[in-house]
Number of protein chains: 2
Amino acid sequence: MAEIAYKTKDCGTCPIRHRAVCARCEADELVYLDQIKYYRNYEAGQPIVWSGDHIDFVGSVVTGVAALTQTMEDGRTQMVGLLLPSDFLGRPGRNNVLYDVTAVSDLTLCCFRRKPFEELLTTHPHVSQRLLEMTLNELDAAREWMLVLGRKTAREKIASLLLIIARREASLHLSSIVDGSRFDLPLTREAMADYLGLTLETVSRQISALKRDGVIELQGTRQVHIPDFATLLAETGDDADGGMPD
Amino acid sequence: MAEIAYKTKDCGTCPIRHRAVCARCEADELVYLDQIKYYRNYEAGQPIVWSGDHIDFVGSVVTGVAALTQTMEDGRTQMVGLLLPSDFLGRPGRNNVLYDVTAVSDLTLCCFRRKPFEELLTTHPHVSQRLLEMTLNELDAAREWMLVLGRKTAREKIASLLLIIARREASLHLSSIVDGSRFDLPLTREAMADYLGLTLETVSRQISALKRDGVIELQGTRQVHIPDFATLLAETGDDADGGMPD
DNA sequence: AGAATTCCTTGATTTGGATCAATCGAAAGC
DNA sequence: GCTTTCGATTGATCCAAATCAAGGAATTCT
């Protein structure tokens with residue numbers, strides 16, 4: 001079972017605290033958030049909540065990876081959300097979860113009890129504005145994902161996923177030496193298949209093909225090195241610019 | 001080109017005005033919204049904005065259907081948003097559009113100039129809370145759509161789309177005699193294909209198959225009658241309950 | 001009325017990815 | 001050290017949907 005640790009220490013990647021609260025709030029709000037904040041730790045593979053469950057917290061990923069998945073009656077499953085560090089989990093105003101949430105790797109969540117968090121939303125407008133911004137970003141990501149699911153080939157799907165992960169890795173290590181061109185895949189082949197609407201065999205074959213063609217290099221089965229981002233980008237089928245910012 | 005009509009009359013389905021503003025605001029806010037509100041009309045097939053364009057308004061669909069689509073270099077396209085009456089268009093805080101937006105049928109938008117609307121968001125917190133709620137709903141819809149794109153068969157995809165449209169139609173005529181079991185498809189076969197990640201031939205074949213099997217009835221090519229919702233639901237592959245509310 | 005266009009249907013063939021099946025390597029348990 | 005387990009790889013075969021192709025029905029244009 002998940003160990004629940006009540007602490008008040010800072011969690012480096014929490015976007016609510018750091019961007020919405022710290023940046024613009026007064027000290028008393030920090031104290032308030034600290035009072036309703038706690039940490040949850042999960043091991044790789046553990047379920048966090050099941051679809052339909054009551055849920056009394058929201059939170060964000062501090063370390064590790066969590067996945068939202070939907071399952072059909074006959075067992076077909078599709079991942080519909082991939083939560084990396086700093087991503088937000090949970091939906092204010094809803095009591096029940098619509099998706100299965102599982103820890104894909106070892107995972108630490110920074111959680112807030114839902115009721116007081118919802119109160120904070122009504123009393124501190126910029127928190128809900130920050131949440132709106134984050135949700136809109138997530139919607140944009142979901143729509144890019146739809147293009148991947150609906151129209152890309154297996155090879156393009158794999159290339160797209162590798163690029164997404166590489167970029168996220170890079171953004172986590174902004175100020176460091178790491179360039180994002182070498183990283184550990186946080187997903188099994190099966191999880192990648194669930195993300196991309198493929199089978200794990202096809203994922204394995206396409207990764208082997210990309211390796212054979214020199215687009216990526218592998219150390220063991222999980223550590224990826226991208227010798228040239230442009231080559232990988234060309235394999236995704238996307239435009240070179242990929243949507244200009246603001 | 002789009003006719004831009006400056007009017008102040010009420011638009012029946014605008015969720016910002018009716019749910020977020022009318023329900024909880026004072027009269028002066030209505031006046032303010034009226035000052036920045038105007039209508040745009042488009043004919044079926046007309047583009048509204050292209051990906052990358054600057055956009056200076058947000059708004060919501062009053063009548064008709066609009067689509068957000070993404071296009072790859074080689075012309076493959078995927079619809080990533082289907083906007084029916086009462087759906088919101090545009091992203092506060094972003095100057096440029098990420099998707100092509102087109103009128104699928106004749107369309108009327110109720111628009112607000114973006115800058116004053118964004119000011120309203122900061123001065124009237126419950127508007128941004130309402131917008132958050134709407135965005136979260138859209139994200140849920142996007143995630144259900146991902147399951148459709150990633151894991152469903154062509155037949156299940158068609159059944160799912162028909163059910164989505166039937167439900168939306170029904171919700172628009174809540175208090176009327178119409179039961180949603182008979183409606184006009186607002187989409188061409190090609191638009192349905194773009195929605196579902198299929199070709200238009202496959203869409204046509206599967207619709208013919210559902211008709212042959214008595215799941216749906218057709219009057220001409222667009223008017224659909226659903227004799228029994230349970231039968232159609234069974235064709236979607238979804239759970240019978242389909243995610244319980246709250 | 002006839003021609004052109006748009007939307008849809010249906011048939012024949014191909015193909016990319018699923019499915020079924022065997023094997024391998026690394027880590028964990030006894 | 002040996003076995004079990006879990007994740008990954010690779011091969012052989014199959015099938016659902018794509019592709020290629022021909023027409024049909026309804027609407028608009030001339």
Side-chain angles (χ1 to χ4, degrees), chain A residues 43-46 65 72 74-78 102 104-106 148-162 184-213 216 218-224 235 237, chain B residues 43-46 65 72 74-78 102-106 148-161 184-213 216 218-224 235 237:
Chain A
E43 283 167 26
Q46 272 192 321
V65 181
M72 294 170 68
D74 60 5
R76 280 175 281 173
T77 74
Q78 174 65 50
T102 51
V104 170
S105 65
D106 289 351
V148 172
L149 286 172
R151 294 299 185 192
K152 291 195 178 181
T153 65
R155 187 181 173 103
E156 289 168 340
K157 284 178 173 182
I158 298 290
S160 300
L161 177 55
L162 290 176
D184 275 338
L185 274 177
L187 303 177
T188 65
R189 300 294 187 259
E190 187 176 22
M192 294 175 72
D194 282 345
Y195 185 106
L196 297 169
L198 298 171
T199 59
L200 70 91
E201 293 97 327
T202 298
V203 169
S204 182
R205 273 186 253 271
Q206 295 299 331
I207 288 180
S208 298
L210 288 174
K211 180 182 170 188
R212 173 172 37 74
D213 299 343
I216 60 172
L218 289 180
Q219 291 255 18
T221 175
R222 292 292 193 93
Q223 194 186 329
V224 180
E235 294 288 346
Chain B
E43 282 166 27
Q46 274 192 321
V65 181
M72 294 171 69
D74 60 5
R76 281 175 281 173
T77 75
Q78 174 67 49
T102 51
V104 170
S105 64
D106 289 350
V148 173
L149 287 173
R151 293 301 186 193
K152 291 195 177 180
T153 65
R155 186 182 173 101
E156 288 168 341
K157 284 179 174 182
I158 297 289
S160 300
L161 176 56
D184 275 338
L185 275 177
L187 303 177
T188 64
R189 301 292 188 260
E190 187 176 23
M192 294 175 73
D194 283 345
Y195 185 106
L196 297 169
L198 297 172
T199 59
L200 70 90
E201 293 96 327
T202 299
V203 169
S204 182
R205 272 187 253 274
Q206 295 300 331
I207 288 180
S208 298
L210 287 174
K211 181 183 170 188
R212 172 171 39 72
D213 299 345
I216 60 172
L218 289 180
Q219 292 254 16
T221 176
R222 292 291 192 93
Q223 194 185 330
V224 180
E235 294 288 346

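Just so we're on the same page: letters track the sequence lines, and every chain starts at 1.
- Rounded to whole angstrom, the span from the CG atom of A:Leu210 across to the P atom of D:dT9 amounts to 12 Å.
- Heavy atoms of B:Ser204 sit under 4.0 angstrom from at least one base atom.
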Evaluation steps, side chain to side chain contact (heavy atoms under 4.5 Å, CB included), between A:Leu196 and A:Lys152: CA-CA 10 Å; A:Leu196 297 169; A:Lys152 291 195 178 181; over 6 Å; no
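- Summarising the geometry, atom CD belonging to B:Gln206 is positioned 7.0 Å from atom OG1 belonging to B:Thr153; distances are rounded to the nearest 0.5 Å.
- For A:Asp106, the side chain to side chain contact (heavy atoms under 4.5 Å, CB included) partners at least two apart in sequence or on another chain are A:Glu43, A:Ala44.
- For the side chain to side chain donor-acceptor pair (under 3.5 Å) test, residues two or more places apart in sequence or in another chain that qualify with A:Asp213 are A:Arg155.
- In this structure, the CE atom of A:Met192 is 15 Å from the P atom of D:dG7, given to the nearest Å.
- With sequence neighbours excluded, the residues that form a side chain to side chain donor-acceptor pair (under 3.5 Å) with B:Thr199 are B:Thr202.
- If you measure from atom CD of B:Gln223 to atom C1' of D:dA26, you get 16 Å, rounded to the nearest angstrom.
- In this structure, the salt bridge (charged side-chain N to carboxylate O under 4.0 Å, His left out) partners of A:Arg76, at least two apart in sequence or on a different chain, are A:Asp74, B:Glu156.
- B:Arg151 comes within 4.0 angstrom of nothing in the nucleic acid, heavy atoms only.
- Rounded to 10°, the helix from C:dA1-D:dT30 to C:dC30-D:dG1 has 30° between the axis fitted to its first five pairs and the one fitted to its last five.
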Taking N or O atoms only and anything under 3.5 Å, show me the protein contacts with nucleotides 20-25 of chain D, one pair per line.
from: D:dC20; atom 1: N4; to: B:Glu201; atom 2: OE2; distance (Å): 3.2

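- Minimum interatomic distance between A:Val203 and A:Met192 (heavy atoms only, all atoms of both residues): CG1-CB, 4.1 Å.
- At distances below 3.5 Å, not a single donor-acceptor pair connects side-chain atoms of B:Gln219 with backbone N or O atoms of B:Val224.
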Nucleotide N/O of nucleotides 13-17 of chain C paired with protein N/O under 3.5 Å:
from: C:dG17; atom 1: OP1; to: A:Ala154; atom 2: N; distance (Å): 2.8

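- For A:Ser208, a side-chain nitrogen or oxygen approaches OP1 or OP2 of D:dT10 to under 4.0 Å.
- Rounded to an integer number of Å, the gap from A:Asp184 CG to D:dA8 P is 12 Å.
- Applying the side chain to side chain contact (heavy atoms under 4.5 Å, CB included) test to A:Val104 and every residue at least two apart in sequence or in another chain returns A:Val65, A:Ala67, A:Leu187.
- What separates CG of B:Leu200 from P of C:dT10 is a distance of 13 Å, to the nearest Å.
- Listed for the B:Ser204 side chain is no donor-acceptor partner under 3.5 Å among the backbone atoms of B:Leu200.
- Whole-Å rounding puts the A:Ile207 CD1 to D:dT10 C1' distance at 14 Å.
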Side chain to side chain contact (heavy atoms under 4.5 Å, CB included) between B:Asp194 and A:Arg151, intermediate numbers included: CA-CA 9 Å; B:Asp194 283 345; A:Arg151 294 299 185 192; 3.3 Å; yes
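- Looking at A:Gln78, its side chain does come within 3.5 Å of a backbone N or O of A:Tyr195 through a donor-acceptor pair.
- Rounded to whole angstrom, the span from the CG atom of B:Leu196 across to the P atom of D:dA18 amounts to 10 Å.
- A close approach under 4.0 Å does not occur between any side-chain nitrogen or oxygen of B:Arg189 and OP1 or OP2 of C:dT6.
- The side chain to side chain donor-acceptor pair (under 3.5 Å) check on B:Thr102 picks up nothing, with sequence neighbours excluded.
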Could you list, one pair per line, each protein nitrogen or oxygen that sits under 3.5 Å from a nitrogen or oxygen of nucleotides 23-28 of chain C, together with the distance?
none

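- One interatomic measurement links the two molecules: CG of B:Asp194 to P of C:dC8, which rounds to 12 Å at whole-angstrom precision.
- Applying the side chain to side chain donor-acceptor pair (under 3.5 Å) rule to B:Arg205 yields no partners; only residues at least two apart in sequence or on another chain are considered.
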